[in-house]
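In this text, all values refer to a predicted model and were calculated from it rather than measured experimentally. Lettering follows sequence order; numbering is per chain, from 1.
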Protein chains: 2
Amino acid sequence: MQISEAARRAGLPVKTVRYYADIGLVRPPARTDSNYRDYDSAALAKLVFVRRARDFGFSIPECRELLALYEDRDRSSADVRALAAAHLTEIEEKQRQLAALRDELAHLVNACQGNDRPDCPILDRLEAE
Amino acid sequence: MQISEAARRAGLPVKTVRYYADIGLVRPPARTDSNYRDYDSAALAKLVFVRRARDFGFSIPECRELLALYEDRDRSSADVRALAAAHLTEIEEKQRQLAALRDELAHLVNACQGNDRPDCPILDRLEAE
DNA sequence: CTAATGCTTCCAGTAACTGGAAGGTCAAGG
DNA sequence: CCTTGACCTTCCAGTTACTGGAAGCATTAG
């Protein structure tokens with residue numbers, strides 16, 4: 001199938017699929033006579049796999065590792081678990097930081113009266129050391 | 001004061017302070033005879049302001065807007081409130097997505113036994129359409 | 001006087017695409 | 001047969017907010 005259909009079925013922009021081919025993450029198995037990239041179902045499955053992994057926040061290098069694990073089913077699932085667990089820790093840390101940020105900003109927005117007076121607690125707070 | 005002290009007191013890397021000067025976000029008010037950037041307390045306050053705003057997740061263009069508001073105290077605090085409120089909405093959306101991602105990944109990590117058997121629910125899940 | 005910092009500018013690279021230009025290919029319609 | 005439009009190709013450049021490094025001048029401690 002052509003790149004646009006592969007992209008559509010994988011839920012990715014065409015540009016991104018081309019990019020993944022360029023960096024050697026998911027290469028099409030062949031080219032047509034007219035030099036069009038030609039994807040088969042195995043390549044499509046890899047694109048879907050990568051799209052899902054990216055949705056989970058895995059970086060491209062991590063996707064590469066996961067794809068290697070995915071392609072070699074004889075490898076220990078502990079490898080995959082370790083990779084995902086490490087990522088989970090990162091996400092939870094991000095979550096904590098984001099929650100703190102949100103709470104503080106929400107407090108400031110609530111405290112700011114939003115009227116025409118020039119003094120605003122948001123600016124005061126941002127300004128404070 | 002020299003750039004390294006301004007950076008230290010603002011809690012920013014020197015490179016970043018130089019970058020902020022380059023893009024015209026926070027310019028030092030003067031240069032010394034030997035062409036060193038010379039920061040005064042007003043510039044330092046702006047650096048601190050920007051650092052805090054960046055900590056809050058404001059982008060550089062947003063920081064520029066906030067800095068303009070910060071510098072012109074006659075402007076309505078409603079402007080600041082609108083800016084911050086818009087940002088708050090973004091953060092809450094990010095928070096929702098991150099929470100969903102975390103829950104799903106946590107489920108998968110728990111489901112994966114992490115032993116030496118090659119079948120792993122993480123890969124199954126990522127593979128599934 | 002020299003060695004070690006600290007400062008300067010400029011160039012290049014990061015992640016993961018995204019946009020656009022210039023041009024080849026293919027199927028349908030007149 | 002020709003044209004139109006929708007594909008496809010490669011390559012170059014830009015995005016965000018820095019970050020690293022090289023080459024070279026300035027200042028300071030010993």
Side-chain angles (χ1 to χ4, degrees), chain A residues 1-40 43-44 46-67 87 90-91 94 97 101, chain B residues 1-40 43-44 46-67 87 90-91 94 97 101:
Chain A
M1 83 194 71
Q2 293 192 167
I3 195 167
S4 64
E5 192 183 344
R8 188 185 53 75
R9 284 164 64 169
L12 288 167
V14 170
K15 276 268 183 186
T16 301
V17 176
R18 214 173 269 131
Y19 172 71
Y20 288 166
D22 286 351
I23 63 171
L25 185 62
V26 180
R27 288 229 169 82
R31 294 279 183 137
T32 66
D33 289 347
S34 51
N35 200 32
Y36 288 8
R37 289 176 184 82
D38 192 12
Y39 290 85
D40 62 2
L44 177 59
K46 287 183 203 171
L47 286 174
V48 171
F49 178 88
V50 168
R51 199 248 309 145
R52 288 188 58 83
R54 294 281 305 130
D55 284 349
F56 273 74
F58 288 94
S59 70
I60 296 290
E62 282 169 332
C63 284
R64 227 181 269 271
E65 286 185 66
L66 282 168
L67 212 50
H87 201 72
E90 274 176 39
I91 287 174
K94 262 192 203 169
Q97 287 177 8
L101 194 153
Chain B
M1 81 193 72
Q2 294 190 168
I3 195 168
S4 63
E5 191 182 346
R8 187 185 55 74
R9 285 164 65 168
L12 289 168
V14 170
K15 277 267 182 185
T16 301
V17 176
R18 214 173 269 130
Y19 172 72
Y20 287 166
D22 286 350
I23 63 170
L25 184 63
V26 180
R27 288 230 169 81
R31 296 277 184 139
T32 66
D33 290 346
S34 50
N35 200 32
Y36 288 8
R37 289 176 184 81
D38 193 11
Y39 290 86
D40 62 4
L44 177 59
K46 286 184 203 170
L47 286 175
V48 171
F49 178 88
V50 169
R51 198 248 309 147
R52 289 189 57 83
R54 294 283 302 130
D55 285 349
F56 272 74
F58 288 95
S59 70
I60 298 289
E62 282 169 332
C63 284
R64 227 182 270 272
E65 285 184 66
L66 281 168
L67 212 50
H87 201 72
E90 273 176 40
I91 287 173
K94 263 192 203 170
Q97 286 177 10
L101 194 153

> Of the candidate nucleotides D:dC11, D:dC18, D:dC8, which contains the atom at the shortest distance from the side chain of B:Arg54?
Replying inline: D:dC18
>> Do A:Ile60 and A:Tyr20 make a side-chain contact, defined as non-hydrogen atoms from C-beta onward lying under 4.5 Å apart?
In response: yes
> Under 4.0 angstrom, heavy atoms only, what part of the nucleic acid is A:Ser4 near: base, sugar-phosphate, or nothing?
Replying inline: sugar-phosphate
>> Within the 4.0 Å heavy-atom criterion, would you say B:Arg18 contacts the bases, only the backbone, or no part of the nucleic acid?
In response: base
> Of the nucleotides D:dT9, D:dT19, C:dC17, which one has an atom closest to the side chain of A:Tyr19?
Replying inline: C:dC17
>> Nearest whole Å is fine: how far is D:dC25 P from B:Asp33 CG?
In response: 18 Å
> Got a donor-acceptor contact below 3.5 angstrom from the A:Arg37 side chain to the A:Ile3 backbone?
Replying inline: no
>> Side chain of A:Thr16 only, heavy atoms from C-beta on: which candidate in D:dC18, C:dG6, C:dC17 is closest?
In response: C:dC17
> Is there side-chain contact between A:Leu44 and A:Glu5, with at least one heavy-atom pair below 4.5 Å?
Replying inline: no
> Mapping B:Ser34 and A:Ser34 onto DNA chain D by nearest heavy atom, which one lands closer to the 5' end?
Replying inline: A:Ser34
>> Tell me the interatomic distance from A:Lys15, atom NZ, to C:dA15, atom P, rounded to whole angstroms.
In response: 20 Å
> With respect to the side chain of B:Tyr20, which nucleotide from D:dT19, D:dC18, C:dT18 is positioned closest?
Replying inline: D:dC18
>> If I take atom CD in residue A:Glu5 and atom P in nucleotide C:dC26, what distance separates them, rounded to the nearest angstrom?
In response: 17 Å
> Between C:dC17, C:dC10, D:dC8, which nucleotide has the shortest distance from any of its atoms to the side chain of A:Tyr36?
Replying inline: D:dC8
> Please give, in whole Å, the distance from C:dC10 C1' to B:Asn35 CG?
Replying inline: 14 Å
>> Using a 4.0 Å heavy-atom cut-off, does A:Ile23 contact any base of the nucleic acid, only the sugar-phosphate backbone, or nothing at all?
In response: nothing
> Just wondering, do B:Phe49 and B:Val26 contact through their side chains at under 4.5 Å, heavy atoms?
Replying inline: no
> With sugar-phosphate meaning primed atoms plus P, OP1 and OP2, does A:Ser59 contact a base, only sugar-phosphate, or nothing at under 4.0 Å between heavy atoms?
Replying inline: sugar-phosphate
> Should B:Asp22 and B:Arg18 count as an ion pair when the cut-off is N to O under 4.0 Å?
Replying inline: no
> Between atom CZ in B:Phe58 and atom C1' in D:dT16, what is the gap in whole Å?
Replying inline: 17 Å
> Taking atom P of C:dT8 as reference, at what distance in whole Å does atom CD1 of B:Ile3 sit?
Replying inline: 5 Å
>> What is the distance, to the nearest angstrom, from the CG atom on B:Leu25 to the P atom on D:dA17?
In response: 10 Å
> B:Arg37 has an atom CZ; how far is it from atom C1' of D:dT27, in whole Å?
Replying inline: 17 Å
